[in-house]
Amino acid sequence: MIAATILAELSTLSASGQQVQTKMPVDPNELKPIELSPLDAPTEKKSGPLPTPLSPAKRIRYALVGLGHLTLEELLPAFASCKYSKVTALVSGDAAKAAKVAGQYGIDPKNIYNYQNYDNIRNNPEIDAVYIVLPNSMHAEFTIRAAKAGKHVLCEKPMANSSKEAREMIDACKAAGKKLMIAYRIQYEPHNRLAKKWTREKKYGTVKIIEAVNTQNIGDPAQWRLNKKLAGGGALPDIGIYCLNTIRFLLGEEPVEVQGSVYSSPGDPRFKEVEEAVLWQMKFPSGVQANCTTSYGVHQARRYRCYADQGGWFGLDPAFAYERLQMEVSQAQDKMEVKQSPSLTEENQFALEIDHFSDCIMQNKQPYTPGEEGLQDHLIIEAIYESARAGRPVKLEKATRLDATRGPEPKES
Ligand code: NDP
């Protein structure tokens with residue numbers, strides 16, 4: 001739960017037109033959950049405390065940039081589950097769609113921008129942060145423009161089209177004194193966080209091998225995801241990144257060697273510019289080996305398993321879906337192999353991720369998944385492509401410590 005001492009940041013315009021921050025204390029009573037007497041017997045699973053949302057006037061205010069599938073299907077509905085965040089502005093190339101969405105979600109039409117007048121968000125004190133949900137090639141430009149306009153940036157994965165762009169985004173946000181977080185929702189999702197805890201605490205012994213798969217059968221060949229200039233690459237930066245990023249998150253380590261191979265079905269009109277499939281292996285300094293598969297050309301599968309050396313393995317299937325994630329455990333017990341499917345109370349992972357960023361803005365903390373976390377994925381993706389081109393393993397720089405590219409842990413929900 002958010003600390004009782006936090007101060008909500010309120011943006012106002014000074015006489016000179018410059019954005020200034022004023023602080024308003026949050027009443028600790030507002031953060032205390034209401035207590036209701038339990039309905040079930042004491043032997044039943046305990047329910048968590050009731051949510052303690054901040055009053056709307058004290059929440060961090062977001063402009064959503066790009067009104068496509070993710071924004072309309074997941075993010076706008078997810079804000080209803082947010083406790084510290086709300087949407088106050090929209091940025092879109094389609095004025096009619098933006099007006100309709102503004103009406104649906106009670107957003108003031110004066111807070112609608114397009115890609116040309118986007119820089120004018122600088123003058124809008126009703127926007128604290130932007131959430132970039134555009135094709136990958138546009139992430140760098142719209143992050144840098146937001147930072148220059150004095151706004152914090154939450155940016156979708158993959159962070160950019162290259163490590164060079166990722167560095168430029170980090171530098172621009174640093175220069176502007178604004179926070180940058182990459183939207184790795186899995187790192188805030190409770191089942192994946194439990195798998196990370198089991199990995200780090202060696203619940204079933206030392207994890208020595210991890211296998212991860214993220215595949216889907218992509219449709220329309222004309223979509224931006226299959227255009228190299230807009231997407232940067234194919235299955236690897238779009239969905240393979242979940243295997244890569246989640247394994248790094250589970251271990252806290254960085255790979256020191258990768259080896260990959262890239263394949264596209266000859267003649268398939270979907271894969272003229274970007275790859276269909278990538279299979280790759282990663283070696284970690286502790287000796288863990290990971291085997292990963294991603295493809296745009298087969299039926300969907302979104303899972304991983306961590307194989308440990310003291311009588312058990314565990315994982316999630318599905319692991320990377322938006323909802324209904326399922327843990328699996330297989331464990332030796334006496335003369336039996338016991339398989340279990342433990343589950344936690346489901347929470348909206350987008351809301352957890354967005355509220356973490358808002359919490360970081362309110363408390364002036366570094367996000368758990370800052371720009372450096374996105375940059376590291378790009379460096380590894382580039383090494384996997386290089387390995388596939390050269391037909392040999394590629395070495396990577398050794399990290400100096402665990403979780404070297406992450407900020408302080410998010411609050412457990
Ligand atoms: P969509 O194609 O559905 O939406 C992208 C939106 O960007 C469009 O609707 C459009 O909005 C705007 N846009 C601006 N210029 C272009 C252009 N040249 N071509 C196409 N769209 C353009 O993509 P998604 O919503 O699926 O993905 C957006 C981002 O979110 C990507 O970076 C993707 O990797 C990421 N993503 C992350 C997921 C996650 O789970 N974290 C899941 C899905 C996607 P408008 O009409 O308003 O201008």
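Remember, it's 1-based here, ligands and their atoms both numbered in the order they're listed. These numbers come from the heavy atoms of this one structure, side chains and all, not from hydrogens, waters or symmetry mates.
A salt bridge does not link Lys411 with Asp355: none of the charged nitrogens is closer than 4.0 Å to a carboxylate oxygen.
Just one residue in the list Arg185, His191, Gln187 forms a side chain to side chain donor-acceptor pair (under 3.5 Å) with Gln349, and that residue is Arg185. Looking at Glu253, Glu372, Glu373 one by one, the single match for salt bridge (Lys or Arg N to Asp or Glu O under 4.0 Å) with Arg406 turns out to be Glu373. Between Phe142 and the options Tyr118, Tyr131, Tyr113, a ring pair (Phe, Tyr, Trp, His ring centres under 6.0 Å) holds for only Tyr118. The salt bridge (Lys or Arg N to Asp or Glu O under 4.0 Å) test with Asp128 is passed by exactly one of Lys151, Lys178, Arg61: Arg61.
For atom 15 (N) of ligand 1, the closest non-hydrogen atom of the protein is Met138 SD, 3.3 Å. The protein heavy atom nearest to atom 3 (O) of ligand 1 is His69 N, 2.7 Å. Scanning all protein heavy atoms for the shortest distance to atom 42 (C) of ligand 1 gives Tyr322 OH, 3.1 Å. With respect to atom 23 (O) of ligand 1, the closest heavy atom belonging to the protein is Trp224 NE1, 3.4 Å. Counting protein heavy atoms only, atom 30 (O) of ligand 1 is closest to Glu156 CG, 3.4 Å. Summary of contacts: the protein heavy atom closest to atom 40 (O) of ligand 1 is Arg185 NE, 2.6 Å. At the top of the distance list for atom 32 (O) of ligand 1, counting protein heavy atoms only, stands Asn136 OD1, 2.8 Å.
Between Tyr385 and Glu275, the side chains place a donor N or O and an acceptor N or O closer than 3.5 Å (distance only, hydrogens not considered). Between the side chains of Ser265 and Glu276, a donor-acceptor pair is found at a separation under 3.5 Å. For the 3.5 Å distance criterion, the side chains of Asp359 and Gln363 qualify, holding a donor opposite an acceptor. With no hydrogens or angles considered, no side-chain donor-acceptor pair links Ser137 and Asn161 at under 3.5 Å.
Residue-level proximity to ligand 1 for Lys157 is carried by backbone and side chain together, each with a heavy atom below 4.0 angstrom. Proximity of Glu74 to ligand 1, defined as any heavy-atom pair under 4.0 Å, is not found for any part of the residue.
Which parts of ligand 1 touch His139 is read off a 4.0 Å heavy-atom cut-off, strictly below it: atoms 32 (O). Those atoms of ligand 1 with a heavy atom of Gly93 less than 4.0 angstrom away are 45 (P), 47 (O), 48 (O). The atoms of ligand 1 that sit less than 4.0 Å from any heavy atom of Asp238 are 34 (O). Atom numbering of ligand 1 starts at 1 in the shown order; those under 4.0 Å from a heavy atom of Lys97 are 9 (O), 45 (P), 46 (O), 47 (O). Less than 4.0 angstrom separates some heavy atom of Tyr242 from each of these atoms of ligand 1: 38 (C), 39 (C), 40 (O), 41 (N). Taking every heavy atom of Pro158 and a limit of under 4.0 angstrom, the matching atoms of ligand 1 come to 34 (O).
Taking a 4.0 Å cut-off on heavy atoms, Arg225 registers as neighbouring ligand 1.
The residue from Asn114, Val133, Val65, Leu67 that puts a heavy atom closest to atom 11 (O) of ligand 1 is Leu67. Of the options Tyr131, Tyr115, Tyr184, the smallest heavy-atom separation from atom 45 (P) of ligand 1 is shown by Tyr115. Distances from atom 7 (O) of ligand 1 to the heavy atoms of Pro135, Ser92, Gly68 put Pro135 nearest. Which of Leu70, Leu134, Asn227 comes nearest to atom 29 (C) of ligand 1 through a heavy atom is settled by distance: it is Leu134.
Judged by the 6.0 Å distance and 45° axis criteria, Arg193 is positioned over the aromatic ring of Tyr368.
Residues Tyr307 and Phe314 keep their aromatic ring centres 6.0 Å or farther apart.
Interatomic distance, Cys292 SG to Leu244 CG, rounded to the nearest 0.5 Å: 7.0 Å.
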